[in-house]
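To start, the structure under review is shown below, and the notes come after it.
Chain naming here is simple, since letters A, B, ... match the order of the sequence lines and numbering starts at 1 in each. These numbers come from a predicted model, not from an experiment.
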Amino acid sequence: MSISLKFPDGAERAYDDGVTPLAVAEGISKSLAKKVVAAKIDGAWWDLTRPLEGGGKFELVMRDSADGLEVLRHDAAHVLAQAVQELFPGTQVTFGPVTEDGFYYDFARDEPFSTDDFERIEKRMKEIVDADLPIIRKVWEKEAAIAHFKSIGEIYKAETIDEVIKPGDAITVYSHGDKWGDLCRGPHLPSTGKLGKAFKLMKLAGAYWRGDQNNAQLQRIYGTAWADEKQLEEYLKRLEEAEKRDHRKLGRELDLFHIQEEGKGMIFWHPKGWTLYRTMLSYMRRRIEAVGYVEVKTPQILEQSFWEKSGHWQKFHDSMFVCETDEGEVMAVKPMNCPCHVQIFNHGQRSYRDLPIRMAEFEGLHRCESSGSTHGLLRVRQMSQDDAHIFCTDDQIVEESKAFIDLLNLVYADFGVELHSVKLALRPDQRFGTDEQWTIAEDKLEQAANLAGVQVERIANEGAFYGPKLEFHLRDAIGRTWQCGTLQLDYVLPERLDAAYIAEDGQKHRPVMLHRAICGSMERFIGVLIEHYAGAFPMWLSPVQVVVATITSDGDAYAKEVAAAMRAAGLRVELDLRNEKVGYKIREHSLAKTPVIAVVGRKEAEERKLALRRFGSDAQDVAALDAAVAALVAEATPPDLRR
RNA sequence: GCCGCCAUAGCUCAGCUGGUAGAGCACCUGAUUUGUAAUCAGGGGGUCACAGGUUCGAGUCCUGUUGGCGGCACCA
C-alpha cells in the first residue's frame with residue numbers, strides 16, 4: 001500500500017503507508033528535517049512522528065514560520081507546566097494557550113508565585129529541554145481520561161474534558177517521556193530538545209478560571225518563545241523600543257499632561273497637551289459641521305431620578321460619581337450624554353421632516369472606573385468624547401451608519417492612524433428590546449459596514465444593553481488594542497424617555513438613536529496618537545510648530561520679527577533667544593520633536609532669510625522670509641482645510 | 001475589585017549584609033556672543049509615597065494604607 005502526498009510546489013510523490021512526516025522531510029534533506037516542527041495534511045495539523053493515515057495536500061511546517069512558532073510556543077507552555085509541577089508539587093495545571101508573541105499557562109496553587117521564582121523555573125525548563133524527552137501522543141477514552149486526571153488531583157483538567165469533549169469521544173494526551181502529560185489537541189514536537197532555549201518567562205498575573213470573576217483566581221505565567229536566540233533578542237529589543245513610545249513617558253517628556261495621586265484617572269492637561277487637544281477638537285468640529293451636525297451643551301450633574309428614567313442608574317450607578325446636596329438631593333455626574341440629548345430632542349414637537357437630527361457634544365464625562373482598570377490616557381475617569389446622537393427613522397439607519405463610517409475613515413486617514421479591526425458586538429445576555437429588534441439592528445449595522453467597504457468581525461455578547469454596536473479598534477505601541485470609534489444602534493432609550501416625532505401619517509412614531517463617536521474618548525485617542533507618532537506629530541497637530549532660534553544676540557531683533565510674522569500667519573511659534581550655542585538649541589528642540597527649527601544668524605538677518613531644519617533631518621533649507629512663512633503655513637494647515 | 005511587582009531630588013537612577021542620603025540631566029547665579037544634536041564654573045534642592053511597628057539606630061527589616069506598572073475582571 002502506498003499513499004500520495006501533494007507538496008505545495010505542486011509535486012506529487014508516493015510513500016509507503018504509515019510513513020511519518022519526519023521521514024518525508026528527511027527524505028528531502030537533512031537540514032530541512034532539522035528545521036521542521038510539524039506537518040499539515042489537507043490543512044490539518046499532524047505530529048512529525050505520527051504515521052500518516054492517508055495521502056493528500058502535504059505541508060511541512062518550519063520552526064520560523066507563523067505556524068511553526070505556534071507549535072514551539074505550545075511546547076514551551078507544556079515544558080513550563082512540567083517545570084512548575086516538578087518544582088511546586090501540588091500545583092494543578094489548567095489551560096495554556098499560545099498568544100500573539102508567546103504563550104501563557106494558568107496554574108492553580110494556594111501559595112502565590114513570585115517573579116523571583118522565574119529564574120528557577122526557567123532553569124528547570126532548560127533542563128527539560130536538555131533531557132530531550134520524547135513527546136508521546138496517546139489517545140484516551142473520555143471517561144478514562146476524566147478518571148485519570150481526577151485520580152492525580154487535576155480537577156480543572158477533569159472538568160475541562162467533561163465539558164469540552166462529547167461523551168464517547170476520544171481525546172489526545174501528550175506526555176514528555178513518562179514524566180508528565182497534558183490533555184492537548186496538538187501537534188507537538190517529537191521531543192522536548194527540539195524546543196530549543198529561545199524562550200523567556202515574562203510576567204505573572206492573576207486570572208480567573210474561565211475568565212469569570214466568580215470563579216477561583218488562578219496564577220498565570222506569561223512567556224515568550226521563538227525559533228532561535230536571535231529572534232528572541234529582536235523581540236526583546238522591540239519591546240524596549242515600544243516602551244520609548246509609551247504615551248505616559250512621552251506625555252511627561254514632551255510636557256503634555258500629568259496625573260497625580262489625588263486624581264486617579266484624571267488628566268491635568270498642560271499648555272502643550274491642551275493645544276493638541278484643542279487642535280483636534282477644532283478639527284472634529286469642522287468635520288462634523290460640514291456634514292450636518294449641530295452642537296449642544298448639557299448639564300454635568302443631574303438628579304438620581306433622571307438616571308433612573310434613562311435606565312443608567314439601575315445598570316451603572318456603581319460606576320457613576322454620586323454626590324448629595326445639603327438639601328438632601330442625590331445627584332450623579334453624567335457618565336454619558338445620551339439621555340441629555342433626548343431631552344433636547346423632546347423639547348418641542350419634532351416632525352419627520354426634521355430627521356435625521358445629528359446632535360453633537362464635547363462636554364466632559366465622568367465614569368468611576370474600577371481602580372485596576374485606569375491606564376494613562378487610554379482608560380480614564382474623566383474624559384470628553386467626540387460624541388453625537390443621530391435621531392432618525394428606521395429607513396435612515398443604514399444610510400446614516402454608512403455616512404458615519406465614511407466620515408470615520410476620512411478622519412482616521414487625516415490623523416494618519418490605521419484601523420486594527422472593526423467588531424460587531426452582538427446582543428448581550430442582559431438586554432432590553434425584543435429578539436426581532438436585535439436581529440434587525442445587528443443586520444443593519446453589518447449592512448452599513450459592508451456598504452462602507454469595512455469587514456466586520458462578529459463578537460457574541462458584547463453589545464450594549466440597549467443595542468448592538470460597531471467597535472473601531474486601534475493599536476497602542478505594545479500591540480494592545482483599544483476601542484476608539486463606535487456606532488451603536490438604540491431602540492430602547494427613545495422608548496424609555498418617550499422620544500417621538502410626527503410622521504407623514506400624522507401619528508407619533510419613535511425615532512431610532514445612533515450613538516456614535518469617531519475618536520471616542522479624546523483622551524484615549526490622543527494617547528494612541530502619541531504612541532503612533534512616537535511624539536513626533538505632523539505639523540498641523542504639533543503643539544509647537546516652529547522654534548525660531550538665534551545664534552547670537554545680534555539676531556534677536558530679526559528673530560522677534562520672524563516669530564511675530566509667523567504668529568500673525570497663524571503658526572504656533574516659540575522664540576529661543578537664550579545665550580546658548582546653536583548646537584545646544586538644536587539638540588534641545590530636536591529632543592522635543594519640534595517639526596521645524598528656524599535658525600537665525602547674522603547672515604539670515606542681513607538677507608532677510610531663514611535657515612529651516614526639519615525634524616528627523618539635518619539638512620538646512622534656506623529661503624526668503626515671506627516664502628518660508630507661506631510654505632510653513634501651507635504645511636501646518638489641517639488636512640480638512642487644505643485645498 | 002483581584003493577583004504579582006514597584007515607590008529615593010523636576011527627570012533617569014545609585015545607595016552592599018540596618019549606622020543619620022549621592023550622581024547625571026534639569027533649575028538658579030556668574031562668565032562666555034557662540035553657524036546646526038550637550039561651553040565652563042559655582043549654587044540651591046530630598047519628612048527616602050504615607051502611617052504604624054521591630055531596633056540603641058530604619059531609605060534599608062515587618063504590617064497596613066495610598067498610588068503606579070503588568071495582567072485578569074469590568075468598560076454605558
Side-chain angles (χ1 to χ4, degrees), chain A residues 99 104 106 112-118 202-222 243 246 248-249 252-253 255 258-265 307 310-320 334-339 365 367-376 378-381 385 425 428 462-467 469 471 478 480 482-483 486 488 490 492-493 515 520-521 524 549-556 578-591 597-604 611-613 617-620:
Chain A
T99 62
Y104 66 78
D106 286 348
F113 292 117
S114 151
T115 40
D116 295 340
D117 298 325
F118 279 11
M202 303 296 285
K203 50 202 181 189
L204 189 58
Y208 300 102
W209 170 236
R210 294 202 169 137
D212 184 339
Q213 74 177 317
N214 299 312
N215 290 340
Q217 188 162 46
L218 308 170
Q219 299 186 64
R220 175 172 298 177
I221 296 178
Y222 282 90
E243 267 170 41
D246 189 312
R248 293 160 296 191
K249 188 175 159 69
R252 189 170 52 238
E253 288 172 1
D255 197 17
H258 85 269
I259 307 172
Q260 62 191 46
E261 280 202 7
E262 300 97 319
K264 184 163 52 180
W307 302 108
S310 74
H312 292 90
W313 187 266
Q314 295 84 322
K315 199 149 175 18
F316 293 109
H317 91 275
D318 282 351
S319 37
M320 289 165 83
K334 73 173 167 189
M336 52 200 310
N337 295 311
C338 30
L365 303 174
R367 298 177 181 179
C368 190
E369 303 284 7
S370 63
S371 59
S373 65
T374 57
H375 184 97
L378 299 181
R379 184 89 179 260
V380 292
R381 287 178 150 183
Q385 289 184 325
E462 294 288 322
F465 68 93
Y466 49 69
K469 55 181 183 174
E471 300 179 355
I478 61 172
R480 294 174 295 203
W482 298 86
Q483 179 195 307
T486 182
Q488 311 178 3
D490 184 0
V492 173
L493 203 59
H515 306 241
S521 149
R524 173 177 293 181
T550 51
I551 294 172
T552 71
S553 51
D554 292 346
D556 285 5
R578 291 175 304 171
N579 179 9
E580 296 289 353
K581 293 183 144 182
V582 222
Y584 180 87
K585 295 185 181 181
I586 297 284
R587 177 181 156 80
E588 202 164 87
H589 299 121
S590 297
L591 289 173
I597 303 170
V599 177
V600 163
R602 185 178 305 157
K603 209 163 64 189
E604 285 75 19
L612 303 180
R613 179 186 165 120
S617 158
D618 55 7
Q620 291 177 47

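Relative to the side chain of A/Arg220, the nucleotides B/A73, B/G35, B/G71 differ in distance, and B/G71 lies closest. The side chain of A/Gln213 sits closest to B/A73 out of B/A73, B/G71, B/U33. The side chain of A/Tyr466 approaches B/A76 more closely than any other nucleotide in the set B/A76, B/U39, B/U12. Listed candidates were B/G71, B/A26, B/C74. Nearest to the side chain of A/Arg379 is B/C74.
For the P atoms, the distance linking B/C13 with B/C28 amounts to 24 Å, nearest Å. Here the separation of B/C50 from B/C72, taken at their P atoms, is 32 Å to the nearest Å.
The base of B/G68 is not paired with the side chain of A/Gln260 by any donor and acceptor separated by under 3.5 Å. Not a single donor-acceptor pair, N or O on each side, falls under 3.5 Å between the base of B/C75 and the side chain of A/Arg367. If you check distances only, the side chain of A/Arg381 never reaches the base of B/C75 with a donor-acceptor pair under 3.5 Å. The base of B/A73 does not come close enough to the side chain of A/Arg210 for any donor and acceptor atom to sit less than 3.5 Å apart. Between the side chain of A/Tyr208 and the base of B/G71 there is no donor-acceptor pair of N/O atoms closer than 3.5 Å.
In this structure, B/A76 forms no base pair with any nucleotide, since neither Watson-Crick nor G-U wobble geometry is met with both distances under 3.5 Å. The partner of B/A7 is B/U66, judged by Watson-Crick or G-U wobble contacts that both fall below 3.5 Å. Using Watson-Crick or G-U wobble geometry with both donor-acceptor distances under 3.5 Å, B/U29 finds its partner in B/A41. The base-pairing partner of B/C48, taking Watson-Crick or G-U wobble contacts with both distances under 3.5 Å, does not exist among the strands shown. Pairing for B/G19 is with B/C56, a Watson-Crick or G-U wobble pair whose two hydrogen-bonding atom distances lie under 3.5 Å.
Protein atom CD of A/Gln483 is 14 Å distant from nucleotide atom P of B/C74, rounded to whole Å. Straight-line distance from the CD atom of A/Glu462 to the P atom of B/A73: 10 Å, rounded to whole Å. We find that CD1 of A/Ile221 is positioned 16 Å from P of B/G71, with the value rounded to whole Å. One atom, CG of A/Asp618, and another, C1' of B/A37, lie 10 Å apart when rounded to the nearest Å.
Within the nucleic acid shown, A/Gly601 comes within 4.0 Å of at least one base atom, counting heavy atoms only. Using a 4.0 Å heavy-atom criterion, one finds that A/Lys581 contacts the bases of the nucleic acid, with or without backbone contacts as well. Using a 4.0 Å heavy-atom criterion, one finds that A/Gln620 contacts the bases of the nucleic acid, with or without backbone contacts as well. Nucleic acid contact class of A/Val582 (heavy atoms, under 4.0 Å, all strands): sugar-phosphate only. Nucleic acid contact class of A/Ala205 (heavy atoms, under 4.0 Å, all strands): base. Residue A/Phe465 is out of contact with every strand shown, counting any heavy-atom pair closer than 4.0 Å. Base engagement by A/Pro335 is indicated by at least one non-hydrogen atom pair under 4.0 Å involving a base atom.
In this structure, the aromatic ring of A/Phe316 is positioned over the six-membered ring of the base of B/A76, centres within 5.5 Å and planes within 30°.
Dashed line: the shortest gap from a side-chain N or O of A/Arg252 to OP1 or OP2 of B/U12 is under 4.0 Å. Side-chain nitrogen and oxygen atoms of A/Arg248 include at least one within less than 4.0 Å of the OP1 or OP2 phosphate oxygen of B/G70. For the pair A/Lys264 and B/G67, the criterion of a side-chain N or O lying under 4.0 Å from OP1 or OP2 is met. Residue A/His258 has no polar side-chain atom (N or O) positioned under 4.0 Å from OP1 or OP2 of B/G10. In this model, the phosphate group of B/C5 is approached by a side-chain N or O of A/Ser114 to a distance below 4.0 Å at OP1 or OP2. When the side-chain nitrogen and oxygen atoms of A/Arg480 are compared with OP1 and OP2 of B/G71, one or more of them lie within a distance under 4.0 Å.
For an aromatic pair to be called close, the ring centres must be under 6.0 Å apart, and A/Tyr222 with A/Phe118 fails this.
Remark: the A/Arg480 side chain and the A/His375 side chain contain an N/O donor-acceptor pair separated by less than 3.5 Å.
In this structure, the side chains of A/Lys585 and A/Thr550 come closer than 4.5 Å at one or more pairs of heavy atoms.
Ring geometry for A/Tyr466 against A/His515 counts as parallel: the plane angle stays under 30°, on a 0 to 90° scale with 60° as the upper cut. Ring orientation note: the planes of A/His317 and A/Trp313 are close to parallel, at an angle under 30° on the 30°/60° scale.
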